[in-house]
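Structure first, then comments.
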There are 2 protein chains.
Amino acid sequence: MRYSATHKQETREKLINTSREIAKKDGFGGTGVDAFMKAIGLTGGAFYTHFESKAELFAELVEHELEFSTEMLAGDEDAPADHVARKLRSYLSSAHALHPETGCVLPTLGPEIARASPEVKARVEKSLKRLRDAWSERLDDDDAGWALLAQCVGALILARVVESERTRREILGASRRFLERAEKAPRK
Amino acid sequence: MRYSATHKQETREKLINTSREIAKKDGFGGTGVDAFMKAIGLTGGAFYTHFESKAELFAELVEHELEFSTEMLAGDEDAPADHVARKLRSYLSSAHALHPETGCVLPTLGPEIARASPEVKARVEKSLKRLRDAWSERLDDDDAGWALLAQCVGALILARVVESERTRREILGASRRFLERAEKAPRK
DNA sequence: GTCTATATGTAGATAGAC
DNA sequence: GTCTATCTACATATAGAC
């Protein structure tokens, strides 16, 4: 054949990774197949050599996103004692709010995932539970896992729907301080 | 004329209110003008008697959403002492998670608002700040206003991206307990 | 004010040349 | 494997009849 043995796989991976950024920036539904392909230097017609449908790309893209995010946020045995606190600070930053294309998938594609197929949502659930378990275990706090995740996702959404940078920083700051305080509270 | 004096205004209001539900359920970008009009028994052509563009409907719709939500959540002088706690419980409910069409706009259209015009985002910011102020004042807690809002929005997103009802309830329950605990914590 | 018909663009997806 | 060309559907928006 005219292409190397690994060419197809490489193209597919490039397509997924580039599409991840574009979808987080402009929305998945709001971006056409042609635009995804053009971003890696190809034309729309070649898309269907790699995926049976646009929906299949969405499923793949979301899986990659959550695999990447949860691994990064969960941390391993070598992580420092303040691992979660560090991740919270970087997640709840103005830089994150201003760059959806390289950030967490949930504040950008959350509603689109919510409308996706049960198969997609089941995989998302599996990844999120792993992250929740990691955080709850690390903090020895059953509720904190889900609660901290929710606080992160919600604060990012709020930070992005407001117009002024000042308010954006207020939201993120309030969120960070609130979480620090909560972790010191008695757990009835 | 063949129509009553108030007919146009009534049609416009019906269009906005019906569109609010549809957009929260299926997404605004994912719904065509024809679908919005068909839902109130009209055809697509009549849309432009009421709005100059689809984007103008979005702006109007979001404004109505936030006006309605913030008024409901903020509460007035007559509200009971546990007003915020009550609102948190109903917001963080499985019923809310399962019915986006009648629920809060932020967990459904948040990312679309984030990509909207500065004018739209400025109005959203104004409404949200009012709600934040109301909650912070009521709880005598500067950070709690934004933090509680973020917790609500994020928990709803998480609750909707998972597949099982069991996990959905875990997320919402953990969020509720976490907030109750946090309000009893010392504020540095 | 609403209708049908239509202009125009773009969407997802397929066919066949290379 | 990727290209161009194309099918079909549906998008936003407009024009003119009623």
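Just the heavy atoms: all of them, side chains too, but no hydrogens, waters or symmetry mates, feed the values below. The sequence lines fix the lettering, A, B, ..., with proteins before strands; numbering per chain opens at 1.
For the segment residues 14-32 of chain B, no residue has any heavy atom less than 4.0 angstrom from an atom of DNA chain C. Residues from residues 46-55 of chain A that place a heavy atom under 4.0 Å from any atom of DNA chain C, listed by number: A:Tyr48, A:Ser53, A:Lys54. Within residues 56-63 of chain B, no residue places a heavy atom under 4.0 Å from DNA chain D.
With sequence neighbours left out, B:Asp141 forms a salt bridge (Lys or Arg N to Asp or Glu O under 4.0 Å) with A:Arg181, B:Arg187. Every side chain to side chain contact (heavy atoms under 4.5 Å, CB included) that B:Glu56 has, sequence neighbours left out, goes to B:Phe51, B:Glu52, B:Ser53. Remark: B:Lys129 engages B:Glu125 in a salt bridge (Lys or Arg N to Asp or Glu O under 4.0 Å) (not counting sequence neighbours). Every residue two or more places apart in sequence or in another chain that forms a ring-ring contact (aromatic ring centres under 6.0 Å, His included) with A:Phe28 is listed here: A:Phe36, A:Phe58. For B:His7, the ring-ring contact (aromatic ring centres under 6.0 Å, His included) criterion is met by B:Tyr3, not counting sequence neighbours. Partners of B:Asp82 under the side chain to side chain donor-acceptor pair (under 3.5 Å) rule, at least two apart in sequence or in another chain, are B:Arg86.
Pairs engaging residues 71-121 of chain B under the ring pair (Phe, Tyr, Trp, His ring centres under 6.0 Å) rule: B:Tyr91-B:His96 [sequence neighbours left out]. Residue pairs satisfying the salt bridge (Lys or Arg N to Asp or Glu O under 4.0 Å) criterion with at least one member in residues 99-123 of chain A, sequence neighbours excluded, are listed as follows: A:Glu63-A:Arg123.
The OG1 atom of A:Thr70 sits 11.5 Å away from the NZ atom of A:Lys126 when rounded to the nearest 0.5 Å.
The backbone N or O of A:Ser90 sits less than 3.5 Å from a side-chain atom of A:Ser93, completing a donor-acceptor pair.
Here D:dG1 presents its P atom at 9 Å from OH of A:Tyr3, a figure rounded to the nearest Å. Taking atom NZ of A:Lys38 as the reference point, atom P of D:dT2 lies 18 Å away to the nearest angstrom.
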Check nucleotides 8-10 of chain D for protein N or O atoms closer than 3.5 Å to its own N or O atoms and list the pairs.
none

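Across all their heavy atoms, A:Leu92 and A:Leu172 have their closest contact at O-CB, 3.6 Å.
Between B:Thr11 and C:dT2 there is a side-chain polar atom (N or O) within less than 4.0 angstrom of OP1 or OP2.
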